[in-house]
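As structure tokens, the structure follows; a few thoughts come after it.
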Amino acid sequence: MSYNYRSNVVNSEQMRRIEGAIFASGMPVAALMEKAALLTAQQLKKSYSLANFPKIGVIVGPGHNGGDALVIARELHLAGYQVSLFCPIAKLKDLTAQQANYVKHLGLIFQETLESLEDCQLIIDGLFGFGLERTLSGEIAELVDKINSWQKPVISIDIASGIHTDTGEVLGTAIKATHTFCLGLWKRAFFQDLALPYLGKVELIDIGISPLDLETILQDSPPILRVNPDLIRPYLPLPRPLLTHKYQQGHLLIICGSRRYAGGAILAGLGARGSGVGMLSIAVPAALKSLLISHLPEALIIDCPETATGAIAELPLELNNYHVLACGPGLTTENPAIIEQVLDSDKPIILDADALNILAQLGIEKLSSRQNKTILTPHWGEFKRLFPNFSGSQDRINITQEASQQSGAIVLLKGARTIIASPEGKIYIIPESSSALARGGSGDVLTGLIGGFLTQMPDNPPEATALAAYLHAQAGILAAKERTELGVDGVTLANYLFAALKGLN
Ligand SMILES: NC(=O)C1=CN([C@@H]2O[C@H](COP(=O)(O)OP(=O)(O)OC[C@H]3O[C@@H](n4cnc5c(N)ncnc54)[C@H](O)[C@@H]3O)[C@@H](O)[C@H]2O)[C@H](O)CC1
Ligand SMILES: [K+]
């Protein structure tokens with residue numbers, strides 16, 4: 001695999017080792033601090049103009065996060081901002097103490113009380129970075145709570161102080177930043193749902209970490225990759241070969257719908273349509289056939305015998321005739337037998353919604369006898385039913401990885417930051433999304449979309465899943481931009497998939 005500062009996500013221990021390797025190769029610590037802080041100061045001056053933010057308060061911690069803050073304070077001072085400093089912990093690391101001496105020499109003032117910073121238009125949080133090692137308490141916790149109570153713009157350096165760099169947990173209390181500049185490499189906390197309300201807008205400062213240094217440290221552990229266009233574009237089934245026909249582009253079967261939940265079947269079909277899959281068949285209870293044809297004239301609609309309440313009673317099909325099976329949207333949990341039939345097939349399968357609820361009843365061990373790939377796409381509620389052992393943990397990256405190891409399936413855990421883990425250990429993270437997607441029907445679109453891409457990319461199931469999740473999120477973002485977060489129903493979302501796809505290509 002290729003290493004890249006934009007894609008690789010690290011934990012604090014890896015960050016420390018990478019930093020250590022850079023220092024050991026000759027880069028002076030003070031030089032790297034200078035570079036990181038100068039680049040951050042440049043961005044800060046661009047986003048927060050002297051005209052609008054003439055008075056800036058800087059909170060200086062005892063470690064190198066505080067050192068960064070002091071270099072930034074110095075640069076802002078030299079650029080004409082009026083800068084006030086507050087340093088709540090007396091004992092500073094050597095380099096930080098040196099930086100403090102120099103800003104004193106320049107005439108910057110260390111205030112006696114935090115309150116002296118209350119009239120600033122902006123606060124810079126350089127209290128703790130990835131060196132935070134214990135819960136905030138006492139006066140430090142009070143200081144953090146006081147800053148939060150001011151409700152001013154707060155810019156955190158590297159990470160919001162109080163947030164655990166790996167798990168994203170709040171250690172006692174934490175700064176509620178409105179903007180965080182992550183230095184060098186993305187840390188895991190930036191993709192943990194728990195931490196998002198504390199990080200605000202996030203930006204990566206590229207301090208020039210070379211792929212060589214990344215490889216030396218990261219090659220021994222499975223990669224955690226932040227999905228971005230450069231990473232995922234090579235997997236797109238585009239351009240299509242000049243000479244091809246519909247069956248060469250794959251045949252997806254979606255098993256979905258009930259009289260009660262007819263819409264889920266339509267939305268899954270529309271999601272699959274958005275992938276451009278060559279052939280799409282949709283198995284539904286007989287009563288839904290004409291409805292599905294009216295929405296998806298290009299699909300082959302298979303009418304199945306129904307139960308008394310309108311669920312699929314049986315699948316009169318040879319499932320192995322299809323390349324991929326996607327199953328779940330709108331099914332109801334009435335008929336576990338069809339899920340058992342799907343599990344028995346030799347084809348790759350995607351299970352979502354009630355297919356997951358039935359699997360939870362059957363037991364996750366059922367997957368161990370499968371001969372082909374399984375992709376599970378739970379939201380948190382479904383996840384807890386499938387993997388009750390992990391429901392106590394807050395570290396979504398870890399538990400998705402463990403759930404994948406335990407089940408042997410690719411697990412996609414939906415959330416503000418969707419995580420995808422494969423049993424071989426790969427992790428993909430979808431870095432942005434829209435709360436417009438927190439709405440009934442958006443998951444059905446995703447199931448169809450994953451099915452459609454997996455059908456066209458049979459050799460790369462984790463990447464097909466990541467590609468679908470990325471485009472789904474981008475479609476949500478684009479649609480919300482144009483229609484607000486309230487205007488993105490499932491059909492609209494599906495209609496924006498092509499725009500997301502165009503944005504990637
Ligand atoms: N990423 C890079 O390449 C660069 C990062 N830089 C910055 O350095 C910090 C990490 O610095 P470090 O000195 O290791 O740790 P911190 O500044 O986060 O703080 C450690 C300091 O704080 C004490 N401490 C820890 N927890 C608590 C607590 N709960 N209460 C009180 N005190 C606590 C601990 O004992 C230490 O003294 C990184 O985030 C970047 O901002 C470099 O500038 C170079 C480039
Ligand atoms: K910080």
Side-chain angles (χ1 to χ4, degrees), residues 12 15-16 19 23 28-44 56-78 81 83-114 116-117 120 122-148 152 154-165 171-177 179-184 187 189 198-199 205 207:
S12 51
M15 187 73 227
R16 232 181 239 303
E19 229 190 24
F23 297 148
V29 179
L32 195 61
M33 177 183 283
E34 188 73 13
K35 186 171 184 184
L38 281 185
L39 289 165
T40 308
Q42 253 172 32
Q43 284 305 107
L44 260 165
I56 295 190
V58 180
I59 312 296
V60 180
H64 288 177
N65 197 251
D68 292 346
L70 286 164
V71 176
I72 293 168
R74 182 192 75 206
E75 289 303 303
L76 294 177
H77 165 78
L78 294 173
Y81 292 82
V83 180
S84 281
L85 303 163
F86 183 65
C87 182
I89 297 173
K91 174 128 189 53
L92 305 182
K93 277 193 177 177
D94 290 349
L95 180 55
T96 308
Q98 277 177 293
Q99 302 285 13
N101 286 339
Y102 187 59
V103 299
K104 273 185 212 157
H105 160 78
L106 292 179
L108 276 91
I109 297 193
F110 281 85
Q111 303 289 351
E112 295 290 319
T113 63
L114 176 67
S116 312
L117 273 55
C120 294
L122 184 88
I123 301 294
I124 294 178
D125 153 36
L127 194 51
F128 303 115
F130 61 66
L132 178 71
E133 47 201 20
R134 49 189 189 276
T135 300
L136 303 193
S137 60
E139 283 176 15
I140 296 291
E142 278 169 32
L143 169 124
V144 166
D145 292 340
K146 177 60 119 211
I147 293 171
N148 288 342
K152 291 181 192 290
V154 179
I155 318 302
S156 282
I157 311 300
D158 209 16
I159 191 154
S161 300
I163 296 294
H164 191 290
T165 309
L171 297 180
T173 185
I175 290 283
K176 276 208 154 181
H179 194 161
T180 300
F181 290 99
C182 179
L183 305 183
K187 325 284 182 318
Y198 294 86
L199 299 173
I205 299 290
I207 61 172

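Each residue takes its place number in the sequence, starting with 1.
- The shortest heavy-atom contact between Val29 and Phe23 is CA-CE2, 3.5 Å.
- Considering every non-hydrogen atom in both Ala37 and Asp68, the closest pair reads CB-O, 3.6 Å.
- The line from OG of Ser137 to CG of Leu171 is 11.0 Å long, rounded to the nearest 0.5 Å.
- With a 4.5 Å cut-off on side-chain heavy atoms, Ile159 and Leu132 do not count as touching.
- Two residues are said to be in side-chain contact when any heavy atoms from C-beta on lie closer than 4.5 Å; Pro88 and Leu114 fail this criterion.
- Tyr81 and Ile56 make their closest contact through CD2-CD1, 3.5 Å (heavy atoms, listed as atom of the first residue, atom of the second, distance).
- You'll find the side chain of Phe128 reaches within 4.5 Å of the side chain of Ile89, heavy atoms only.
- Side-chain contact between Ile205 and Lys35 is absent, with no heavy atoms from C-beta onward closer than 4.5 Å.
- Partner of Leu108 under the side-chain contact (heavy atoms from CB on, under 4.5 Å) criterion, chosen from Leu70, Val58, Leu76, Val83: Val83.
- Atom CG of Leu85 sits about 4.5 Å away from atom CZ of Phe110, to the nearest 0.5 Å.
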Carefully, step by step, assess Phe130 and Leu183 under the rule side-chain contact (heavy atoms from CB on, under 4.5 Å).
CA-CA 10 Å; Phe130 61 66; Leu183 305 183; over 6 Å; no
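- Of the residues listed (Leu199, Asn148, Val154), the one engaging Lys176 in a side-chain contact (heavy atoms from CB on, under 4.5 Å) is Asn148, and it is the only one.
- Of the inter-residue distances, the one linking His64 atom NE2 with Leu95 atom CG reads 4.5 Å to the nearest 0.5 angstrom.
- Atom CD of Glu139 sits in a sparse spot, with 12 or fewer heavy atoms from other residues, nucleotides or ligands closer than 6.0 Å.
- To the nearest 0.5 Å, the span separating CG on Asn65 from CE on Met33 amounts to 8.5 Å.
- Considering every non-hydrogen atom in both Ile157 and Ile72, the closest pair reads CD1-CD1, 3.4 Å.
- Taking 4.5 Å as the limit, every side-chain heavy atom of Val103 sits out of range of all side-chain heavy atoms of His77.
- Remark: Glu34 CD to Gln99 CD distance equals 6.5 Å, nearest 0.5 Å.
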Take Ile59 and Ile147, measure what side-chain contact (heavy atoms from CB on, under 4.5 Å) needs, and give me the verdict at the end.
CA-CA 10 Å; Ile59 312 296; Ile147 293 171; 3.8 Å; yes
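- The CG atom of Asp158 lies 7.5 Å from the OG1 atom of Thr165; values are rounded to the nearest 0.5 Å.
- Here the shortest heavy-atom pairing between Ala41 and Glu75 reads CB-CB, 3.9 Å.
- Between Ile175 and Ile123 the shortest side-chain heavy-atom distance does not fall below 4.5 Å.
- For Thr96 against Gly61, the heavy-atom pair with the smallest separation is CG2-O, 3.8 Å.
- Within the 4.5 Å cutoff, no side-chain heavy atoms of Thr40 are placed close to those of Ile155.
- Residue Leu106 qualifies as enclosed at atom CG: its count of foreign heavy atoms under 6.0 Å is above 12.
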